[in-house]
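Within every chain, numbering begins at 1; the chains are lettered A, B, ... in the order of the sequence lines, protein sequences first and strands thereafter.
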2 protein chains.
Amino acid sequence: MDEWLKHSTEVEASWVTADLTIFTVREGQLMVLLVERGVEPFLGRPALPGGYIQKDETLREGALRELWEEAGIDGRRLHLEQLGAYGEPRRDPRGRVVTIAYLALGPDLPAPVGGTDAERAYWAPVAQLQSDAQALAFDHAEILSDALEEVRTKLEYTAVATAFCGDSFTLSELRKVYEVIWGQVLDPSNFRRKVLNTPGFVQPTGEQRLPPTGRPAALYRRGTAWLLSPPLLRGGQQS
Amino acid sequence: MDEWLKHSTEVEASWVTADLTIFTVREGQLMVLLVERGVEPFLGRPALPGGYIQKDETLREGALRELWEEAGIDGRRLHLEQLGAYGEPRRDPRGRVVTIAYLALGPDLPAPVGGTDAERAYWAPVAQLQSDAQALAFDHAEILSDALEEVRTKLEYTAVATAFCGDSFTLSELRKVYEVIWGQVLDPSNFRRKVLNTPGFVQPTGEQRLPPTGRPAALYRRGTAWLLSPPLLRGGQQS
DNA sequence: AAGCGTTTAAGTCAACATGACCTTTAGGGG
DNA sequence: CCCCTAAAGGTCATGTTGACTTAAACGCTT
């Protein structure tokens, strides 16, 4: 590979990893999947799941493989999108490691199983992590923060909220996703009106679901639209 | 570095590059900066400017350095944001190369000077490139397409349009940015009302500018807000 | 079976935002 | 001095929003 280096000896090979920020809504909270590191550096510290990209896989394939290896989660049914690359020269004490951060979203996911490196995988409430962000390994606190901001924004102008719901869901469940992630209560009636008036956001299945108490709720599945127009803005809704 | 590889011999080091999609508005068109490649592969083919990230620089610093080396443009005054990572295993015939794509925006920029690798740098109209996208080297057509989509969307809900204008600008100039990038004509009066009613989007300088013909236009500079609320949606404006 | 609590569903209304269109203002050039 | 042009500002019918109220449909209790 050395013959490519023409102008500078300052170029060197890097290791490329994929790290995943996996969000789900559980018990009325936004949760993120963390692993307890089983190897140095940051041994024993919580971290986002991730690992090295292999020779013949795409970045996305690598992210999916790490998700499976480290937490036993099949990511093919999750919403998975790239967040961005993080490559500060000293973000990893071992050398130059550039990580490609992925954002994954899913409905209330199964409890993760331990990974191959004897890591322990578990769901952690995001709200609680914000206070002591120092706990996370590498620059994972920054990645998590960016991921959260990304999700909050995307809720407004895409149908990404449906990724947190199952195949069919009630409007209350969908609203709960917005409320948990935005951290604000939304008016049920206005929320319903907006969602139903946004073409392609959701479509009724015709089925119903019985809540623990109260009137049955109609079920919906996600519609064909990804971009919402008009968007669902979190503005000054008070109550 | 080899002691890190525990589970697989399938991991190998990668080369990490930065590629830039630099947009500007010139002559009523959206233009992108291209270079004619001076080395193999894709010798002589147009490509986005870019090159290898060096040992001790951040990804962003590398992007800025390549911009300077390949096109003689000082990017410190440009809006520069990361687009994402592109890492298909065979995107570069020389081996595993992961590129971090950056999006740069600037006001009508000076004609670029040739780069160090005897590349010729020039502005190309984006609209014209869409037709024969095959002309670009590597996966740069895909990167360009993603960059364009990103800019179109960000115009709606951020003040990024001001990055295409100089330090002070008229509302007509700002509107022209939207019209060129969205490819649709906007009503001048309604555009003015929306921009001025969006808190922090622009602020008046008190100065005026004389157009070639017509009434003098008030000058504005960018305001303090980055996110626009309410956003400037491109919906069904007809005329 | 009548009443109650609860949740979904649907309606009301004033305030505000939007798109289409029109009028006025302020320059330069003939 | 009139005309052309572009900026600036106004009008108005139509939609959308947030706050709030009312109706419907279930289980549960009495």
- [ ] Could you tell me whether the side chains of Asp108(A) and Thr24(A) share a donor-acceptor contact shorter than 3.5 Å?
- [x] no

Task: Protein-nucleotide distance (Leu186(B), atom CG; dT18(C), atom C1'), rounded to Å - done: 13 Å

Task: Side chain of Leu210(A) - closest among dT17(D), dA25(D), dG27(D) - done: dG27(D)

Task: Check ion pair Glu61(A)-Arg65(A) (N to O, under 4.0 angstrom) - done: no

Task: Chi angles and distances behind the side chain to side chain donor-acceptor pair (under 3.5 Å) call for Glu142(B), His140(B) - done: CA-CA 5 Å; Glu142(B) 182 189 354; His140(B) 288 183; over 6 Å; no

Task: Charged N-O contact under 4.0 Å between Glu36(A) and Arg45(A) - done: no

Open item on the list: Applying a 4.0 Å non-hydrogen cut-off, can you work out what Pro211(B) is touching in the nucleic acid: base, sugar-phosphate, or nothing?
Closed with: nothing

- [ ] Between Arg193(A) and Thr213(A), just flag the one whose closest nucleotide in DNA chain D comes earlier from the 5' side.
- [x] Arg193(A)

Task: Rounded (10°) bend between the five-pair end axes of the helix from dA1(C)-dT30(D) to dG30(C)-dC1(D) - done: 10°

Open item on the list: With no hydrogens and no angle check, just 3.5 Å: does a side-chain donor-acceptor pair link Asp19(B) and Tyr86(B)?
Closed with: no

- [ ] Take atom CG of Asp187(B) and atom P of dA7(D), then tell me their distance rounded to the nearest Å.
- [x] 12 Å

Open item on the list: Can you measure Arg209(A) atom CZ to dC26(D) atom P for me and round it to whole angstrom units?
Closed with: 16 Å

Open item on the list: Quick check: any donor-acceptor pair below 3.5 Å linking the side-chain of Ser189(A) to the base of dA10(C)?
Closed with: yes

Task: Of the listed nucleotides dT8(C), dA25(D), dA8(D), the one nearest the side chain of Ala218(B) - done: dA8(D)

- [ ] Please evaluate the base of dG9(D) for a donor-acceptor partner in the side chain of Arg215(B) within a cut-off of under 3.5 Å?
- [x] no

